[in-house]
Number of protein chains: 2
Amino acid sequence: MSKSYRIAILGATGAVGAELLDLLASRNFPVASLKLLASPRSAGKSLPFQGENIVVEAVSDRAFDNVDIVLASAGGSTAKAWAAKAVAAGAVVIDNSSAFRMEPHVPLVVPEVNPQAAARHQGIIANPNCTTILMTVAVWPLHQVKRVQRIVAATYQSASGAGARAMEEVKIQAQAILNGETPVAEILPYPLAFNLFPHNSPLNDLGYCEEEMKMVNETRKIFNDQNIRVTATCVRVPVLRAHSEAINLEFETPMSVQEAKEILQNAPGVQIIEDWQANHFPMPIEATGRDPVLVGRIRQDISHPHGLEIWLCGDQIRKGAALNAVQIAEVLIEKNWLQPATSENQLSATSNRG
Amino acid sequence: MSKSYRIAILGATGAVGAELLDLLASRNFPVASLKLLASPRSAGKSLPFQGENIVVEAVSDRAFDNVDIVLASAGGSTAKAWAAKAVAAGAVVIDNSSAFRMEPHVPLVVPEVNPQAAARHQGIIANPNCTTILMTVAVWPLHQVKRVQRIVAATYQSASGAGARAMEEVKIQAQAILNGETPVAEILPYPLAFNLFPHNSPLNDLGYCEEEMKMVNETRKIFNDQNIRVTATCVRVPVLRAHSEAINLEFETPMSVQEAKEILQNAPGVQIIEDWQANHFPMPIEATGRDPVLVGRIRQDISHPHGLEIWLCGDQIRKGAALNAVQIAEVLIEKNWLQPATSENQLSATSNRG
C-alpha cells in the first residue's frame with residue numbers, strides 16, 4: 001500500500017487532537033499531507049508532527065479543499081457546522097462527536113465489531129462514545145458466539161471525558177484539598193477530587209442521562225441488534241484518563257467462564273489481565289496510553305443461570321476516541337472504501353463487503 | 001429511660017472507635033461508665049469523652065468485668081479471641097468484624113431492617129459489612145412491598161474501608177502524583193490516588209471476592225430470604241470515606257418509580273437526594289459525616305419490565321459501621337433485650353417480639 005492520503009484534523013489542539021497526531025505518527029499512517037484545523041482562537045499555534053512544526057489554521061470554507069480524510073474531534077456544533085462542507089469538498093469525515101451517530105445514513109463504527117458498516121458511508125462516519133466503544137469491543141466477540149440479551153453496566157469514568165481542562169481541574173482540586181482548602185469546580189459541576197458523582201450529561205424523562213442512553217442506543221446500532229437490552233449507570237470518578245466498566249451480561253444460553261476466556265483471548269483489541277493469585281485485574285493506570293481494552297474478573301454470575309460478569313478498563317482518549325477514529329480511516333484505506341457509497345454501490349457493498 | 005449502661009469499646013483507637021465515641025456522646029447514649037480497650041500497643045493513650053480524658057487500657061481477661069455492652073471494632077481475630085470472654089463476663093458484644101456474621105446463632109442486624117433478630121442473641125450480635133448495611137437500608141423497604149428477586153450491584157468504595165492508614169496513604173499518593181513523583185502503595189495493594197481497582201479481598205473459586213460475597217450472603221441473612229439472588233462487583237475508588245453503590249433491582253412484579261419514591265421517602269434511615277433540574281444526586285462528599293443513606297436516581301430500568309435502578313451513598317464509618325452498632329445497642333436497651341436469649345425465651349422472642 002504505497003498510496004498516501006491528505007489528512008485534516010479538525011479540533012487539532014484538544015486532547016483527542018493531540019492523540020490523533022501521535023497515532024498517525026506511531027502507526028505509520030500513510031499521510032501525504034496534514035492540515036491542522038481548529039477554532040480561530042487556536043489558529044496560529046503550531047504542533048509538531050514527524051519532525052515538522054505544523055501551524056494550526058482556523059477552520060474555513062476552503063479548509064477542506066484537497067483533503068481525503070477529516071478526523072474531526074471538535075464537538076457536536078462544530079461538526080454540524082463543517083461536516084457537510086468537508087464532504088462537499090470531497091473528503092470523508094470521521095467524526096468523534098455525537099452529532100451524527102444516530103443518523104440512519106451515518107455508519108457508527110467500531111472496527112473490531114462492525115467494520116463492514118463503514119462501506120455504506122455517504123461522506124460521514126461516526127466514532128461512537130468512549131464508554132460504548134470500550135464495552136462493545138469486549139462484548140461483541142461473546143455476543144457472536146452466544147447472544148447477549150441484556151447488559152447491566154456501571155461505569156467509572158475519568159475526568160478526561162470532560163476534556164483536558166477537567167483533567168487539570170481535578171488536579172487543582174486535589175491540591176486544594178491536600179492544603180486544607182475548599183476545592184473549586186468551574187469546568188466540572190461539582191468537586192471531583194476525592195469525590196465522584198453521577199455523569200452530569202442532560203437527563204431524559206426516564207431519568208437516564210445522555211451518556212447512559214449512548215451506551216443503550218449506540219450499542220444497538222453497532223451490533224445491528226435492536227433487541228439487545230441495555231441499562232447503564234454512568235459515574236464520573238477522580239481518575240485522570242482511563243475509564244472502567246463493571247458489566248453484567250445475560251446470555252440466551254449459558255456462557256461458561258472458560259468459553260468466555262477463550263473467546264476473549266482471541267478477540268481483536270482485547271487483552272485479558274487476570275492474576276487471581278495476586279488479585280491483579282485491569283486498573284485505569286495500566287490502561288492509560290495503551291491501545292487494548294483490558295478485560296478481567298470474568299466470572300459466572302451467581303445470581304443468574306445465563307449470567308456472566310466482566311470488568312474492563314480502557315484509555316478513554318485512545319481507544320475510546322482517537323485510536324478508534326484512526327482505525328476507521330485505516331479500514332477505509334485497506335478496503336478501498338473512501339468513495340461515498342451511492343445507492344448502487346451501497347447495495348453491492350452490502351452484498352460483497354458485508 | 002433513666003437507666004444507664006456500662007459500655008466498653010474494643011478497638012477504641014481506630015477510625016470506627018473514634019466514631020463510636022462521637023456517637024455515644026452526640027446521641028446522648030445512656031452511658032454509666034466507659035472503658036476504652038485496645039491492643040497493648042495503643043494502651044496508655046487517652047481519648048476525650050464528654051469533657052473527660054479516658055485512658056485506653058490493653059484488652060485483658062478481666063477487662064470485661066462490670067460491662068453491659070461491648071462495642072467491638074477490632075478486626076476478626078481480636079473479636080474471636082475476646083468475644084467469648086466478654087460474654088462469659090456477662091456483657092453483650094456488638095461486633096463490627098466479619099468473624100461471627102454468618103454463624104447461625106449470631107443475629108446479623110440492621111436496625112432499620114431486622115431489629116427483631118437482635119432478640120435472639122446469645123451474647124454476640126454482628127454488625128454487617130458496610131456495603132451490605134447501606135444497600136439493605138435502601139432495598140429492604142422496597143422488598144417489603146414488592147419482592148426483590150435479584151440485585152446486581154456495583155460499588156464505589158472509599159479508602160476508609162481499608163482503615164485510617166489507607167485514607168492517609170491515598171492523600172500521600174495524591175501529593176506524590178501532583179509533585180510528579182511515583183506514588184507508593186504500602187497499606188493498599190496498588191496506588192489508589194487517581195486510580196481504582198477491584199476490591200482486593202481474597203477471591204473464592206468462583207472469582208468473587210470476600211467483599212462481594214458479604215453482600216450476597218449477609219443480605220440473605222438480614223432479609224431472612226435465602227431466595228434473593230445477589231451479584232456484586234466491588235471496587236475501591238480514590239474517595240476518602242463514603243461509599244457509593246449503583247444498584248439494579250429486579251422485582252417479582254413491576255415497581256413504579258413513583259411507588260418506589262413514596263416508599264423510600266418514608267423509609268427509616270433513608271434520605272432521597274434528587275434534583276433532576278440541577279443534575280444533583282447523592283455524592284460521597286455529601287454523605288460524609290452524615291447518618292442517612294442518601295438515595296437518588298430512582299429510575300425505571302429500561303432493560304427489564306420489572307427492573308428499577310437506584311444510586312446511593314453512605315458514610316462507611318458512620319452508618320456503615322459505628323452508627324449501626326450504636327443503633328443495635330439502642331434497640332437492645334429500648335426493647336429490654338440485653339439478656340441473652342435462652343431456648344425458651346428465644347421461642348417467646350420469636351412469637352412475641354418478631
Side-chain angles (χ1 to χ4, degrees), chain A residues 150-156 158 170-171 174-175 177-178 189-191 193-203 206-209 216 229-233 235 237-240 244 246-248 257 274 276 278-285 296-304 307 309 311, chain B residues 150-156 158 170-171 174-175 177-178 189-191 193-203 206-209 216 229-231 233 235 237-240 244 246-248 257 274 276 278-286 296-304 307 309 311:
Chain A
R150 181 173 177 235
I151 301 175
V152 179
T155 72
Y156 302 69
S158 62
V170 174
K171 291 190 212 167
Q175 190 61 67
I177 291 167
L178 293 171
Y190 303 104
F194 303 113
N195 190 34
L196 53 81
F197 47 80
H199 197 281
N200 60 298
S201 48
L203 297 153
L206 294 168
Y208 280 69
C209 69
V216 174
R229 291 174 282 129
V230 182
T231 182
T233 300
V235 179
V237 296
V239 166
L240 295 179
S244 306
I247 296 178
N248 182 281
V257 169
E274 283 194 335
W276 295 91
N279 216 321
H280 179 199
F281 304 103
M283 294 192 284
I285 50 170
R297 299 211 70 207
I298 304 164
R299 291 174 285 158
Q300 219 70 56
D301 172 359
I302 56 175
S303 78
H304 193 289
E309 294 267 21
W311 166 256
Chain B
R150 181 174 178 235
I151 302 175
V152 179
T155 71
Y156 303 69
S158 62
V170 174
K171 291 190 211 166
Q175 190 61 67
I177 292 167
L178 293 171
Y190 304 104
F194 303 114
N195 190 33
L196 52 81
F197 47 81
H199 196 281
N200 60 297
S201 48
L203 297 153
L206 295 168
Y208 280 69
C209 68
V216 174
R229 291 174 282 130
V230 182
T231 182
T233 299
V235 180
V237 296
V239 166
L240 295 179
S244 306
I247 296 178
N248 183 282
V257 169
E274 283 194 334
W276 295 89
N279 216 320
H280 179 200
F281 304 103
M283 296 193 283
I285 50 170
E286 291 177 335
R297 298 210 71 206
I298 304 164
R299 291 175 285 159
Q300 217 70 55
D301 172 0
I302 56 174
S303 78
H304 193 290
E309 295 267 22
W311 167 255

Ranking Pro238(B), Ala154(B), Ala246(B) by heavy-atom pairs under 4.5 Å to chain A gives rank one to Pro238(B)

Partner residues of Arg150(A) under the side chain to side chain donor-acceptor pair (under 3.5 Å) criterion, sequence neighbours left out: Glu250(A), Asn248(B), Glu250(B), Asp301(B), Ser303(B)

For Ser201(B), give me all partners under side chain to side chain donor-acceptor pair (under 3.5 Å), at least two apart in sequence or on another chain. His199(B)

Under 30°, 30 to 60°, or over 60°: which ring-plane class applies to Tyr156(B) and Tyr156(A), parallel, tilted or perpendicular?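 Geometry flag for Tyr156(A) against Tyr156(B): parallel rings.
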
Which bit of Val237(A) comes within less than 4.5 Å of chain B, counting heavy atoms only: side chain, backbone, both or neither?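 Interface part for Val237(A): side chain.
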
Side chain / backbone / both / neither for [X] at chain A, heavy atoms under 4.5 Å:
X: Val216(B); value: side chain
X: Thr233(B); value: both
X: Val152(B); value: side chain
X: Pro189(B); value: neither

What residue in [options] has the most heavy-atom pairs under 4.5 Å with chain B?
options: Glu274(A), Glu309(A), Gln300(A); result: Glu309(A)
options: Val170(A), Asn200(A), Ile298(A); result: Asn200(A)
options: Pro198(A), Ala232(A), Ala153(A), Ala174(A); result: Pro198(A)
options: Asn195(A), Leu240(A), Ile151(A); result: Asn195(A)

Short side-chain to backbone donor-acceptor contact, Arg297(A) and Gly207(B), under 3.5 Å: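 Checking the backbone N and O of Gly207(B) against the side chain of Arg297(A), a donor-acceptor pair under 3.5 Å is found.
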
Is a side-chain donor or acceptor of Tyr208(A) paired with a backbone partner of Ile302(B) at a separation under 3.5 angstrom?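 It does hold such a pair.
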
Would you say Trp311(A) and Val235(B) make side-chain contact, with heavy atoms under 4.5 Å? yes

Spatial distance of atom CZ (Phe194(A)) from atom NZ (Lys171(B)) [nearest 0.5 Å]: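 With rounding to 0.5 Å, CZ (Phe194(A)) is 7.5 Å from NZ (Lys171(B)).
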
Grab the two heavy atoms, one from Leu196(A) and one from Pro284(B), that are nearest each other, plus how far apart they are.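 Residues Leu196(A) and Pro284(B), closest heavy atoms: O-CD, 3.3 Å.
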
